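Here is the structure we will look at.
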Amino acid sequence: MLASLVFSNANAVVDKNFNYHVDRFADIEVLRYEVPEFDRLTPQQRIMVYYLSQAAQAGRDIIWDQNGKYNLQIRKLLENIYTNYSGDKTSNDYKNFEKYLKQVWFGNGIHHHYSTDKFKPEFSQAFFEEQVAGLPDTQLPLNPGQTREDLIATLFPVIFDPTVMPKRVFQDGSKDLVLNSASNLYGDGITQKEVEDYYNALKNPDDPTPVSYGLNSKVIKENGKIKEDVYHLNGLYGDAISQIIYWLDMAKNVAENEAQKAYITKLIDYYITGNLKLFDEYSILWAEDSNSDIDFINGFIESYGDPLGMTGSWESNVNFKNEKSTKRTETIASNAQYFEDNSPVDSRFKKDKVKGVSAKVINAAMLAGDAFPSTAIGINLPNANWIRAAHGSKSVTIENITEAYEMASHGNGFNEEFVIDAPTRKLMEDYLYITDMLHTDLHECLGHASGRLLPGVDPDALKENGSALEEARADLFALYYLADPKLIELGILDNPDAYKAEYYKYMLNGLMTQLNRIEPGKDIEEAHMRNRQLIAAWLLDNGKKEKVVELVKKNGKTFVKINDYKKMRGLIGRLLAEIQRIKSEGDYQAGADIINKYAVKVDPQLHAEVLKRFDSLDIPPYRGFINPELTPIYNDNGEIVDVTLSYTEDYPQQMLRLSKDFKTLGY
């Protein structure tokens, strides 16, 4: 499970001379992140980071293809036009073409990374036709047997017609979720019912160790029969997977210890076979390794990109431990049983014994796949409920990414515009950075790791609402315990009122400021945004009688006003208990009802006001990153003896280099 970031403007202790800002276009700003303490690693550790980073980038084409069947062709066509263009670069058509290309790079395809709506080209079709006509056939991404005319007839409607593939992830439960989603996770013509019937026939409700059906496969129809096309070395995406395996094998040979070597070997075995039992075995070994300094994620992990919440999008993150900040998360993890025992949920849904919760703070060194350019600030894995219950989980907070967001936000005027008064702004300036980090720690380390399903409950029972409800459950757990005296007792916080900074920011974001990411007239669709509005709107509604939280007017502007923080915590506990019940019992209808009532619809007047106020600040709704460049150093025998790190590339340079160096799937 992932945690995403919203605005937080407290001071972070980082290099203030580092240039975080890289590019700005449409609704996006591209940043770079610093990798502190890279020099403290040994040469062998730095070499391992390099090998794992190569394995990370080797899977890039997979996520592009998963996101849409024409994405790789379109990317190649756009990049060839861009690199061969010799016309007027000051023209509106060219500037809009360049913006579109940057959007497509950022979205890993033609759909927005967050809203999943298709990008709308602002350049003319005539301009595009002229550029395509100017390319020789050798510069066109043609499939075998495909002509120039065929390519144009196929791709032009996909790019220009707003009715063709309009939504990558369709979540309106009133229609077929699979047929109406433009992602490439299911074969042409496959229906939601066919997918659900296929997997329901495979699932055994009495199996205590069920595999994550559908995690690494594409459901297709062949000769009228439903089957899976599995992602593995000799199957779908085999050419990319062979490169991933190669670099993982190189990393295995410089592993820090035998435990690390063992789970890398198991991951390779899984990639070779596609056997999900091997993935579970790898996940257990990975979760149980709390000693290695270098760590990574590599595989088909999160299912937010699947409207049914089953198939994992390919992603990778290479990182190493931030030793100083890890002491904070280790303290939290070592007290996991206290937090589970004192949770306000029904005792039937609690774990009798919390097993194997490990937590650390990391510095990211490479982001890839679905974790790039946009990335989470926290991760808790494995996702399989039975593994978490029997073997534990591993939680990380990505501190250098959070710090980059923080530093890029300094002085943007956000607090002055949206925070109700000076005392609240002062509280946020003093405590929001640490409470934001703690919220991520608690969300990932304890929230996702808490609770249990009742025997026989299908982990996929909540269907399209599962991701949003799970994120809400983890957020509520974190919010509830941010105000717990235990954090003062453990020495993690030094002020019993510190939690109020995060409470205020959370309500402000959930009720108002995240609306900056929504187009007028649109519903909220992304899981994390639904989660945040669900919580904030439920608290507002259920605290209305006692005016626990209000939306008030001040000088003609709307502000969040929290009148009773302690009662707000009590409401958080009530909602946590209900969301845990919904998950533990697999109560699909109750989950759908609470999502539809609180998480989806937007107040159009408040929305218009928020957009207008953000326009005056010129703050981009979305941010993401380019990676540092890792360069190997060779000895006279051609062996890698060390690796250096630098930050010289701009956004187009990095995207074009990745397309050139990690082209694994045909174009």
Side-chain angles (χ1 to χ4, degrees), residues 3-4 6 114-115 169-174 304 309 344-345 439 443 447 461-480 502-552 558-564 567-610:
S4 60
V6 293
Y114 217 78
S115 72
V169 185
F170 184 83
Q171 292 185 304
D172 182 350
S174 66
Y304 301 104
V345 307
H439 183 267
H443 172 113
L462 302 181
K463 300 183 181 180
E464 71 273 13
N465 301 309
S467 294
L469 290 168
E470 173 59 22
E471 293 305 322
R473 191 179 73 89
D475 261 1
L476 287 162
F477 196 98
L479 289 168
Y480 184 79
E502 181 69 15
Y503 273 29
Y504 189 88
K505 184 219 69 173
Y506 198 94
M507 293 300 293
L508 174 61
N509 183 64
L511 292 172
M512 291 181 58
T513 54
Q514 74 168 1
L515 297 179
N516 187 41
R517 296 181 164 193
I518 303 294
E519 293 182 17
K522 296 276 191 178
D523 290 339
I524 296 176
E525 298 186 54
E526 198 276 335
H528 295 87
M529 291 184 69
R530 283 189 170 188
N531 141 47
R532 290 190 288 264
Q533 179 165 294
L534 162 61
I535 292 172
W538 189 96
L539 294 176
L540 180 69
D541 185 32
N542 285 269
K544 186 181 300 182
K545 184 177 180 180
E546 297 182 279
K547 294 185 177 181
V548 176
V549 183
E550 297 179 278
L551 289 177
V552 300
T558 305
F559 289 88
V560 170
K561 184 182 181 185
I562 301 178
N563 296 308
D564 195 323
K567 286 184 178 178
M568 182 177 161
R569 189 195 184 210
L571 289 171
I572 288 169
R574 276 178 52 196
L575 182 56
L576 172 58
E578 173 59 7
I579 298 295
Q580 181 64 63
R581 183 199 68 76
I582 289 170
K583 179 172 176 100
S584 294
E585 295 181 348
D587 190 342
Y588 172 81
Q589 191 57 54
D593 289 346
I594 199 168
I595 287 286
N596 290 327
K597 183 174 181 179
Y598 292 108
V600 178
K601 295 300 178 182
V602 174
D603 179 336
Q605 290 185 319
L606 182 60
H607 190 191
E609 178 191 331
V610 169

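Scope of the values below: all heavy atoms of this structure, side chains included, with no hydrogens, waters or symmetry mates. Quick caveat: nothing in here was measured; it's all calculated off a predicted structure.
Residues Leu551 and Met512 come closest through the heavy atom pair CD2-SD, 4.2 Å. Contact detail for Gly586 and Leu462: the closest heavy-atom pair is C-CD2, 4.0 Å. Taking every heavy atom of both residues into account, Leu534 and Ala472 meet most closely at CD2-CB, 4.0 Å. Residues Asn516 and Val610 come closest through the heavy atom pair N-CG1, 4.1 Å. Minimum interatomic distance between Leu469 and Ile579 (heavy atoms only, all atoms of both residues): O-CG2, 3.6 Å. The two residues Tyr480 and Pro344 make their nearest non-hydrogen contact at CE2-CD, 3.7 Å.
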Side-chain donor-acceptor pairs under 3.5 Å in residues 593-608, sequence neighbours left out?
residue	atom	partner	partner atom	Å
Asp593	OD1	Gln589	NE2	2.9
Asn596	ND2	Ala592	O	3.0
Tyr598	OH	Asp541	OD2	2.6
Lys601	NZ	Asp523	OD1	3.4
Lys601	NZ	Asp523	OD2	3.1
Asp603	OD1	Gln605	N	3.0
Asp603	OD1	Leu606	N	3.3
His607	NE2	Leu515	O	3.1
His607	NE2	Ile518	O	2.8

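Annotation: side chain to side chain donor-acceptor pair (under 3.5 Å) contacts of Glu546 (sequence neighbours excluded): Lys567. Applying the ring pair (Phe, Tyr, Trp, His ring centres under 6.0 Å) test to Phe559 and every residue at least two apart in sequence or in another chain returns nothing. For Gln171, the side chain to side chain donor-acceptor pair (under 3.5 Å) criterion is met by no residue, not counting sequence neighbours. Take Arg581 and apply the side chain to side chain donor-acceptor pair (under 3.5 Å) test, not counting sequence neighbours, and it matches Glu578, Glu585, Asp587. Every residue two or more places apart in sequence or in another chain that forms a ring pair (Phe, Tyr, Trp, His ring centres under 6.0 Å) with Tyr506 is listed here: His439.
A donor-acceptor contact shorter than 3.5 Å links the side chain of Asn563 to the backbone of Lys547. No side-chain donor-acceptor contact under 3.5 Å links Tyr304 to the backbone of Glu526. Not a single donor-acceptor pair under 3.5 Å links the side chain of Glu464 to the backbone N or O of Gly173. Asn542 places a side-chain N or O within donor-acceptor distance of the main-chain N or O of Trp538, the cut-off being under 3.5 Å.
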Task: Worked verdict on Met568 versus Leu539 for side-chain contact (heavy atoms from CB on, under 4.5 Å) - done: CA-CA 7 Å; Met568 182 177 161; Leu539 294 176; 4.0 Å; yes
TODO: Tell me, with the steps shown, if Gln580 and Leu476 meet side-chain contact (heavy atoms from CB on, under 4.5 Å).
DONE: CA-CA 10 Å; Gln580 181 64 63; Leu476 287 162; over 6 Å; no
TODO: Output, in order, the C-alpha distance, side-chain angles, deciding distance and verdict of side-chain contact (heavy atoms from CB on, under 4.5 Å) for Leu576 and Arg473.
DONE: CA-CA 6 Å; Leu576 172 58; Arg473 191 179 73 89; 4.3 Å; yes
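Aromatic pair Tyr114/His528: centroids not less than 6.0 angstrom apart.
Atom CG of Asn509 is separated from atom CD of Gln514 by 5.0 Å, given to the nearest 0.5 angstrom. With rounding to the nearest 0.5 angstrom, the CD atom of Glu550 is 8.5 Å from the CG atom of Leu540. Separation of atoms CG (Leu479) and CG (Leu571) is listed at 12.0 Å; rounding is to 0.5 Å. Separation of atoms OG (Ser115) and CZ (Arg517) is listed at 11.0 Å; rounding is to 0.5 Å. The CG atom of Asn531 sits 12.5 Å away from atom CG of Asn465, with the distance rounded to the nearest 0.5 Å.
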